[in-house]
Protein chains: 2
Amino acid sequence: MNAAGQPARTRIQREKRDLILEAALDVFSQQGYRGATIDQIAEAAGMSKPNLLYYFRSKDAIYQALIHGLLDVWLAPLRELDSVGDPLVELRAYIRRKLEMARDFPRESRLFANEILQGAPHIMALLEGELKPLVDEKADIVKGWIRAGKIASVDPWHLIFSIWATTQHYADFDTQVRVVLGPLKGGDGRFEDAARFLEGLFLDGLRPRA
Amino acid sequence: MNAAGQPARTRIQREKRDLILEAALDVFSQQGYRGATIDQIAEAAGMSKPNLLYYFRSKDAIYQALIHGLLDVWLAPLRELDSVGDPLVELRAYIRRKLEMARDFPRESRLFANEILQGAPHIMALLEGELKPLVDEKADIVKGWIRAGKIASVDPWHLIFSIWATTQHYADFDTQVRVVLGPLKGGDGRFEDAARFLEGLFLDGLRPRA
DNA sequence: CGCATTTTTTACCGATTGGACAAACGGTAG
DNA sequence: CTACCGTTTGTCCAATCGGTAAAAAATGCG
């Protein structure tokens, strides 16, 4: 009997499948789908290639399981965006949550970045079926805030894009960020600097305050 | 004699090399370095694989020539950022130039995004030797503007990051942008919408103006 | 223990990859 | 015509790829 059948029956199967997905996240997020090899993932998971293929029937099956299991986590910060409460506070909290995601889950961020860069061949259906409705729903909330005069009149979709772009940048372009900022002096200064800057930018922009 | 020697002597060599680089930009920007194959590039360039290898000694040589030749173009908008003139006008112009680059050269943007995502293995030296000094120089200009009270007191490096992130997002994540925004109604509305939003964001932020 | 089931390893396969190489082609000057 | 030059093609190769098959080893269980 093959363990690659959907429901993970035994304890070992659950554990090994998790181990493989963890290793696959490492490799796929660094090399992209085509750049990654089963051998690399197997080695990162501490097992042989045929052994890995005992738990997942193919490279594609690993990738699918990985990216499908991650989308919910990835969209969680946006899901939390609520219409009650002060809009500026809500948006600031959303920006901070996304920035925390970029800090705590950079591999996940790079995995999605790679996927979208290649034209989202594996998750196009998910983008249309899950992402777009969610974004539209949250855009409606933003529109409500604008109508109520709580925030400036801006395009809600582009606002969401800009929050995505600026926060994920710190995960996806981490290499470049490190080169430009140089070696960090100590502590988690980098994160707080970015958070402070983004909050200032999104709240008040660059125009000098009197 | 092999044409892969650095200086392109004949007219045909210059033309064919350009043709190959153009095709390579197509393929590399869509598939990434490892995902691209010499065969794909050769076919896109309308020649056989051995013929292509007559003009470039290896896949890596194509990639190197491509990415090195592109860095200057890519950094041109930042180079134009000048200390004279109104800071807010200068920054707005820079944002618009970068956005135009994302619109007119999306393949170049994705090529760099892919490269940085993989940890910049081919251009790390260039990032340190060219990109970082340039960014530091421009950061000094921004600092001068802040000292003069011309713009709000923000971190210059994170400001540059945010401009890069928001503008390049429209090239790198084009697939996602298209899904979320749906089919465009007509004309080049998308670009103008993004430009208007970003200008508003960077100038005044989201806080409602009285 | 003995037996059945699950897990792991060894050996292997066909396809694709980057690349080498020599033969063949084509224009041009003598 | 011929010799020579840069160019192009056809053929081949070793390495690597995703994946399979079957034997061997662990493991769970009465």
Side-chain angles (χ1 to χ4, degrees), chain A residues 1-28 30-67 114 118 121-122, chain B residues 1-28 30-67 114 118 121-122:
Chain A
M1 196 53 65
N2 198 323
Q6 299 305 40
R9 301 161 204 286
T10 77
R11 172 184 55 90
I12 284 190
Q13 282 179 24
R14 263 188 308 264
E15 289 175 358
K16 295 272 171 148
R17 281 178 67 100
D18 286 353
L19 195 72
I20 291 169
L21 289 177
E22 172 68 21
L25 179 56
D26 263 350
V27 177
F28 278 131
Q30 276 183 32
Q31 319 269 14
Y33 180 77
R34 293 216 46 187
T37 72
I38 300 183
D39 278 303
Q40 286 175 329
I41 300 172
E43 192 190 341
M47 65 181 67
S48 67
K49 178 172 70 172
N51 195 188
L52 182 149
L53 285 168
Y54 168 72
Y55 292 102
F56 287 90
R57 78 178 100 255
S58 69
K59 178 184 178 180
D60 208 76
I62 310 173
Y63 190 81
Q64 291 283 353
L66 191 60
I67 207 162
N114 259 305
Q118 323 291 321
H122 298 86
Chain B
M1 194 53 64
N2 197 323
Q6 300 306 41
R9 301 163 204 284
T10 77
R11 173 185 53 90
I12 286 189
Q13 281 181 24
R14 264 187 307 265
E15 288 175 1
K16 294 274 169 144
R17 281 179 68 99
D18 286 353
L19 195 72
I20 291 169
L21 288 178
E22 172 68 21
L25 178 57
D26 262 350
V27 178
F28 278 131
Q30 276 183 32
Q31 318 271 11
Y33 179 77
R34 294 215 46 187
T37 72
I38 300 183
D39 277 305
Q40 287 174 328
I41 300 172
E43 192 190 342
M47 64 181 70
S48 66
K49 179 170 68 169
N51 196 187
L52 182 149
L53 285 169
Y54 169 73
Y55 293 102
F56 288 91
R57 76 179 98 256
S58 69
K59 177 183 179 181
D60 209 77
I62 309 173
Y63 189 81
Q64 293 282 353
L66 189 62
I67 207 162
N114 259 306
Q118 324 290 321
H122 298 86

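The chains referred to below are lettered A, B, ... by the order of the sequence lines, with proteins before strands, and numbering in each begins at 1.
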Using whole Å, report how far [atom1] of [X] lies from [atom2] of [N].
X	N	atom1	atom2	result
A:E15	D:dT27	CD	C1'	14 Å
A:E43	D:dC17	CD	P	11 Å
A:I41	D:dG18	CD1	P	8 Å
B:I20	D:dT7	CD1	C1'	12 Å
A:L53	C:dT7	CG	C1'	14 Å
A:D39	D:dT20	CG	P	15 Å
A:D60	D:dC17	CG	P	17 Å
A:K59	D:dT20	NZ	C1'	18 Å

Determine yes or no for a side-chain-to-main-chain donor-acceptor pair under 3.5 angstrom, with B:R17 supplying the side chain and B:Y55 the backbone.
-> yes

Report yes or no: does B:K59 contribute a side-chain atom to a donor-acceptor pair with the main-chain N or O of B:Y33 at less than 3.5 Å?
-> yes

Counting side-chain heavy atoms from C-beta on, which of [options] comes nearest to [X]?
X	options	result
B:I38	C:dT7, D:dT9, C:dG18	C:dG18
B:K16	D:dT8, C:dT7, D:dT9	D:dT8
A:P50	C:dT7, C:dT10, D:dG10	C:dT10

In chain order, what residues pass the side chain to side chain contact (heavy atoms under 4.5 Å, CB included) check against A:A36, with sequence neighbours excluded?
-> A:V27, A:F28, A:Q31, A:Q40

Name all residues meeting the side chain to side chain contact (heavy atoms under 4.5 Å, CB included) criterion together with B:Q64; count only those two or more places apart in sequence or in a different chain, and write none if there are none.
-> B:D60, B:H68, B:H122

Any side-chain N or O of [X] under 4.0 Å from OP1/OP2 of [N]?
X	N	value
A:Q13	C:dT7	yes
A:S48	C:dT9	yes
A:N51	C:dT7	no
A:Y54	C:dT8	no
B:K49	D:dT8	no

With sugar-phosphate meaning primed atoms plus P, OP1 and OP2, does B:A36 contact a base, only sugar-phosphate, or nothing at under 4.0 Å between heavy atoms?
-> sugar-phosphate

Under 4.0 Å between any heavy atoms, over every strand shown, what does B:A61 touch: base, sugar-phosphate, or nothing? Just pick one.
-> nothing

Heavy atoms, side chains only, cut-off 4.5 Å: are A:Q118 and A:N114 in contact?
-> yes

